[in-house]
Amino acid sequence: MQRFSDITPIMDYNHRDTEARWQKYWAENKTFSASIDHNKPKFYILDMFPYPSGAGLHVGHPLGYIASDIFARFKRHKGFNVLHPMGYDAFGLPAEQYAIETGQHPAITTEQNIKRYREQLDKIGFSFDWDREVRTSDPAYYKWTQWTFIRLFNSWYDKAMQKARSVEELVAQFKKNGNSHIDAASTYDFIFDAAQWKAMDEAAQADVLMHFRLAYLADTLVNWCPVLGTVLANDEVSEGFSVRGGHPVERKNMKQWSLRITAYSDRLIEGLDRIDWPENIREIQRNWIGRSEGASLRFLLADNPDKHLEVFTTRPDTIFGVTFMSVAPEHEYVELLTKPNFAEEVVKYVKHARNRSERERIADAKTPSGVFTGSYAINPFNGKAVPVWVADYVLGSYGSGAVMAVPAHDSRDYAFAKHFHLPIVEVIKGGNIAEEAFESKEGVCMNSGFLDGIIAREAIGKAIEYAEKNKVGYGRINYRLRDAIFSRQRYWGEPFPVYYKNGIPCTIDESQLPLALPEVDKYLPTESGEPPLARAKNWSTAEGYPYETATMPGFAGSSAYYFRYMDPQNKDAYFSKEAVNYWKSVDFYVGGAEHATGHLIYSRFWNKFLFDLGLVPEDEPFRKMINQGMIQGRSNFVYRVKPEEMAEFVLWEMIQNKQLGFEFKKEFRDGTRRFDFYSEELRVIIEVKSRENLEKLLPAYTEYAKENNFKLLLFSIVDVILHTDEVLAKIKRALAGKVFPMFEVIEEWEESPIFVSANIYGRENYSYPIHTDVNLVSNDILDVDAFRNWRPEFNNAKFILEGDKYVCGWEVEKMSKSKYNVQNPDDLVEKYGADTLRMYEMFLGPVEQSKPWDTNGIEGVYRFIRKLWRLFIDDEENLIATNDAPDGAELKVLHKTIKKVTEDIERFSLNTCVSSFMICVNELGDLKCRKRAILEPLSILISPFAPHIAEELWNKMGHSESISKADFPICNEEYLIESTVKYPVSFNGKMRFLLEVAAGTSKEDVEKAVLAAPESEKWLEGKAPKKMIVVPGKIVNVVI
RNA sequence: GCGGAUGUGGCGUAAUUGGUAGCCGCGCUAGACUUAGGAUCUAGUGCCGUAAGGCGUGGGGGUUCGAGUCCCUUCAUCCGCACCA
């Protein structure tokens, strides 16, 4: 059937035509192209660039992009030179996985996905400067990733100067003085002098330098994932399984490239206080870096006085309570410590502990495990010998891999001591050590020699002082942060600019960059287990030295991409000095909180490194950041009936509690026979089964009824559900003694699924929910016919309705295909337009908050857009704006909105802006305002949110230039001044009425007016008020 | 277990410094216009109550003339970390 709107052209806002036209205009005119302009303040606003996955964008992805785009457009109106670029994090596992499955080169898949992303992004009307697009998989881009790697390789970290320096300078030092005067972030423990350095051959020197380089190759205990055939970073592993794909991960020792991010631990912590980031992200990073202050103490071995165990403790104040020591199974002294008669046990334990997967260790965390080595160590404070154990609650990778155990004041040591019956010595007063460890630092020291009587918190410093004076230890800060493993045994990533010259790793010359990713025949590891690049032909330098076969991890390309946007086409440099000194760093960064311990920490590290080299002017990359919330799906459910359970439920509801005058029981058993319902009084049995079953069993039932003198009523499931009244009538007749066949079928019925509406009584007793496609549902009402057509098995479905509607259940879940709750932005843009989508995504709530996507509300925003249009344009599509001078009421509406919107955008409260626009348009509609002086500023106000319609209106009002070049309106407070104040008058804090007085009325006069108001009489009840509070311009409170 | 965040109508939310709780939108109810509506417009809509009025921001307690907002306590949900010495 044709609808009215199909046959009569109604002059309504046509978003399809308008939006396409302006998107084309922006692209052709390069409206949002940014260039260095020293006459304007710069503003760099950046989104975390996406990984272009095959699934395309869903409604959740653009949330952050829309928010940042609004901000970018706003800043342009405010006179800033805005850099707002976009690109793609294009290397990654899914494309490679797909390549392995199909043989398709990942570059091709990636290209296709990017194309799709771009189409989707373009339709939403973003103001990106696409000329600055970067892709991490583009050789022209990853050239600079490799270039940075070479710089890292050629740098070491000088702790004294707190900065990275070149390895050349380090070598010069070695030649002059050896390494004794150097305070470097290093894993090198030996001391050599200049002569010794010079005596080393090239390989030995290279080996020493490796311990200093910021990018270094080392044997590392890594997270090896056999299924993926690669090593994973710590943040890619969760509870012993890979985050992506959920495959088991094991610990394995391998030669890996790593980045010495730990050198920057302190600066990474310190910088957190200087950046405007959400507190939770900063807290996560603080925990991840895990700075703890304490002491390193030396315990000499009782039988081996020239060797010692080094421990790290945050509680040197408890040293007199040490009753044993524990070392990690991987500790280098395990063998040395183990006495012959304990060797068997220790070897067995260490082997067992090593082989345990991370997951097993976690599962067993509650039961301590360990074994005594037979050795003792000497407490440097009191000379007592304590036993040394091997225990896997001690981590080899933290501190020194050994702990001094103080069971009285550490809960892990306590559990261990209890389990193995080791002594517990209390040295801090205040707890009950018979029950649990007392970990507070507020207690007073006891049994602690010179520390006795001091508060534990203060004793820490005294103990360190003592240790340093007696040369048995020193104050020390430890970090939880580990170096970042930088090798991946993968194809689709940046090749390392590294070759091996007689086994010595060297970086290629910068002039040779980029080292392009080679072609391979397959994207799998070789038969001998080497990474895919080992398959490439001639994967070696011109001299024949083999290249590194691992590739870089996902975070390599994303760690400093924001610099490349500043000068993306530069062939000679990463970025020009001019560009970086103009754009400096990102002023505003928008992206997901899930990158807290990955990208967001690596970027800060890379940025600080580039800062140390003097390449960039600021040491933090992202000055301000907000994290957009996740958009969850809103799933809809239909409830499929389990017919037999439903029939029994329905019947029981009718006959229980003597409703028919007789007591019925559920479940009557007679030997092996079982019946559904039974009345002892009348000897009546009711049984519900499928028709087929009843027919089959009819002879047996007949016989049983006869033998035992029962009256038997058999009903088919279908009849009970669909002909409940007739069934009930038959039961009543039977109870009244009437005679009729024990079984008859009311309706023949083919097998078909039955669905019950959500609010039908008892539903949860006899049905189970199944997901239905949200596109078949509107306001939780199911389109029954569409549902029948959805899948063949439902095309004869029956529905139990509420009234005439089938109401679906709903739940908030992850947005995913399998839950049929995915909302795709293209469909919504097609139906409602990009402006509506943009505004609706903002209208949903604060950007930072996670929330379910519910398409229902979008109609309201769509109506608003059309209302806005009609404020300017009549039915014949003519502009109706007049040049009349606006009146006070109109100006007040406009300036109120200017004020609210400006303030709200600045504090990133975009949902409330949308509300304000709606209020403004409603109020101007009520005032029948058609005045250009009001409408023109309004269109600029709204243009960051709904840029297409704003451009169209601006254009219709006679402007030839894009609205994005217009100045943002400024609020004139004069228009907001009220001549009267409406005081809410409260009595004892409860608001009772409003009282209007002239603005500027004195407190005393307001009080008088309140008392004189007729409404007051009732509330005063004849009493005089005890007190009156008048807050000028705000409220009046009368206390009685 | 530790750390952090959040709890407001049927739903998404608003209330910027302690000052009229529920703005805006969805949904719902009634009406208007229509041959027709999943269009548009008007009015209503926190809960209880015919009304007067009472009750209401997860629960309990407190500070205050006044508390969604501050303090104490408790519950629930979500997120992060999880043998880090």
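Lettering of chains follows the sequences in order, A, B, ..., and the numbering in each one begins at 1.
- Taking 4.0 angstrom as the limit, A/Thr597 places none of its side-chain polar atoms (N or O) nearer than this to OP1 or OP2 of B/rG80.
- Relative ring orientation between A/Tyr393 and A/Phe416 is described as tilted, the plane-to-plane angle lying within the 30° to 60° band.
- Rounded to whole Å, the separation between the C1' atoms of B/rG18 and B/rC71 comes to 13 Å.
- Residue A/Met630 places its CE atom among 12 or fewer non-hydrogen atoms of other residues, nucleotides or ligands, all under 6.0 Å distant.
- For A/Trp288, the side-chain atoms get nearest to B/rC81 when compared with the rest of B/rC81, B/rC83, B/rC65.
- Nucleotides of RNA chain B nearest to A/Asp413 and A/Lys851 differ in position, and the one nearer the 5' end is that of A/Lys851.
- For B/rG25, the paired base is B/rC11 (Watson-Crick or G-U wobble, both distances below 3.5 Å).
- Listed candidates were B/rG3, B/rU40, B/rA85. Nearest to the side chain of A/Phe312 is B/rA85.
- Distance, A/Gln285 CD to B/rG80 P: 15 Å, rounded to whole Å.
- Relative orientation of the A/Phe945 and A/Phe917 rings is perpendicular, given thresholds of 30° and 60° on the angle between their planes.
- OP1 or OP2 of B/rU40 has at least one side-chain nitrogen or oxygen of A/Arg866 nearer than 4.0 Å.
- When heavy atoms are screened at a 4.0 angstrom cut-off, A/Arg476 is found touching no nucleic acid atom at all.
- Put simply, the side chain of A/Lys851 gets close to the backbone of A/Pro846: a donor and an acceptor are under 3.5 Å apart.
- A/Ile1029 comes within 4.0 angstrom of a base, heavy atoms only.
- Only the C1' atoms considered, B/rU42 is 48 Å distant from B/rU74, to the nearest whole Å.
- Within 90° of 0 lies the glycosidic angle of B/rG9, which makes this nucleotide syn.
- Counting non-hydrogen atoms of neighbouring residues, nucleotides and ligands closer than 6.0 angstrom, the NZ atom of A/Lys896 exceeds 12 such neighbours.
- Separating the CD atom in A/Glu848 from the CZ atom in A/Phe908 is a distance of 7.5 Å, to the nearest 0.5 Å.
- No donor-acceptor distance shorter than 3.5 angstrom exists from the side chain of A/Glu1015 to the backbone of A/Phe993, with no hydrogens or angles considered.
- Taking atom C1' in both B/rA21 and B/rU57, the straight-line distance is 7 Å, to the nearest Å.
- Ion pair A/Arg315/A/Asp410 not flagged as a salt bridge, since none of the NZ, NE, NH1 or NH2 atoms sits closer than 4.0 Å to an Asp/Glu carboxylate oxygen.
- Base pairing of B/rU69: no nucleotide in any strand meets the Watson-Crick or G-U wobble criterion (both distances under 3.5 Å).
- Atom CG in A/Asn287 sits about 17 Å away from atom P in B/rC79, given to the nearest Å.
- A/Arg282 contributes a side-chain N or O that, together with a main-chain N or O of A/Ile275, makes up a donor-acceptor pair within less than 3.5 Å.
- With B/rG19, B/rA85, B/rC24 as the candidates, the nucleotide lying closest to the side chain of A/Val403 is B/rA85.
- Separation of the C1' atoms belonging to B/rU69 and B/rG80 is 27 Å when rounded to the nearest angstrom.
- Listed pair A/Arg992 / B/rG54 meets the phosphate criterion, a side-chain N or O lying under 4.0 Å from OP1 or OP2.
- Using a 4.0 Å cut-off, no side-chain N or O of A/Arg634 falls inside it from OP1 or OP2 of B/rG12.
- Within 3.5 Å, a donor on the side chain of A/Asn1037 pairs with an acceptor on the base of B/rC65, or the reverse.
- The side chain of A/Pro984 has B/rU20 as its nearest neighbour among B/rA14, B/rU20, B/rA85.
- Taking every side-chain heavy atom of A/Lys1034 into account, B/rU17 is the closest of B/rU17, B/rA85, B/rA21.
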Point to revise | Base versus backbone protein contacts along nucleotides 58-64 of chain B [heavy-atom cut-off under 4.0 Å; B, S, -] | key: -------
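- Between B/rC24 and B/rG60, the two P atoms lie 30 Å apart (nearest whole Å).
- At a threshold of 4.0 angstrom between heavy atoms, the contacts of A/Asn478 with the nucleic acid are absent.
- Using a 4.0 Å heavy-atom criterion, one finds that A/Val1039 contacts the sugar-phosphate atoms exclusively.
- The listed nucleotides are B/rU20, B/rG25, B/rA85; the one nearest the side chain of A/Leu994 is B/rU20.
- Residue contacts shown for A/Lys990 are limited to sugar-phosphate atoms, with no base heavy atom under 4.0 Å away.
- Going from atom CD1 of A/Ile433 over to atom CD1 of A/Ile424 covers 6.0 Å, rounded to the nearest 0.5 Å.
- For A/Glu439, the salt bridge (charged side-chain N to carboxylate O under 4.0 Å, His left out) criterion is met by no residue, not counting sequence neighbours.
- At B/rA14, one or more side-chain N or O atoms of A/Asn911 fall inside 4.0 Å of OP1 or OP2 (strictly under the cut-off).
- Across all strands shown, B/rU63 forms no Watson-Crick or G-U wobble pair with both key distances under 3.5 Å.
- Each of B/rG12, B/rC41, B/rA85 was ranked by its minimum atom distance to the side chain of A/Thr314; first place goes to B/rA85.
- Base pairing of B/rG46: its partner is B/rC55, meeting the Watson-Crick or G-U wobble criterion (both donor-acceptor distances under 3.5 Å).
- Among the heavy atoms of the strands lying under 4.0 Å from A/Lys900 is at least one base atom, whether or not backbone atoms are also near.
- If you find the closest nucleotide of RNA chain B to A/Met991 and to A/Lys831, the one lying nearer the 5' end belongs to A/Met991.
- A/Arg480 has no side-chain polar atom (N or O) that falls below the 4.0 Å cut-off from OP1 or OP2 of B/rA85.
- With a cut-off of 3.5 Å on both Watson-Crick or G-U wobble distances, the partner of B/rU40 is given as B/rA32.
- Residue A/Asn922 places at least one side-chain N or O closer than 4.0 Å to OP1 or OP2 of B/rG25.
- Here the separation of B/rC48 from B/rG66, taken at their C1' atoms, is 25 Å to the nearest Å.
- A/Pro852 comes within 4.0 angstrom of no nucleic acid atom, judged by non-hydrogen atoms across all strands.
- Figure legend. B/rU20 is base-paired to no nucleotide; pairs are counted as Watson-Crick or G-U wobble with both atom distances under 3.5 Å.
- Distance, A/Lys867 NZ to B/rC24 C1': 10 Å, rounded to whole Å.
- Base pairing of B/rA82: no nucleotide in any strand meets the Watson-Crick or G-U wobble criterion (both distances under 3.5 Å).
- Within 4.0 Å of A/Ser986, counting heavy atoms only, lies no atom of the nucleic acid at all.
- As the counterpart of B/rU77, B/rA5 is assigned, both hydrogen-bonding distances of the Watson-Crick or G-U wobble pattern falling under 3.5 Å.
- An OP1 or OP2 oxygen of B/rU40 is reached within less than 4.0 angstrom by a side-chain nitrogen or oxygen of A/Arg863.
- Among the nucleotides B/rC83, B/rG25, B/rU16, the one closest to any side-chain atom of A/Asp904 is B/rU16.
- Atom name C1', nucleotides B/rA82 and B/rG10: the rounded distance is 40 Å, in whole Å.
- Listed nucleotides B/rG3, B/rC24, B/rU16 differ in distance to A/Arg907; the shortest reach to its side chain belongs to B/rU16.
- A/Tyr840 does not carry A/Arg838 over the face of its six-membered ring by the limits of under 6.0 Å from the centre and within 45° of the normal.
- Rounded to the nearest Å, the gap between the P atom of B/rC41 and that of B/rG25 is 11 Å.
- A/Glu859 comes within 4.0 angstrom of no nucleic acid atom, judged by non-hydrogen atoms across all strands.
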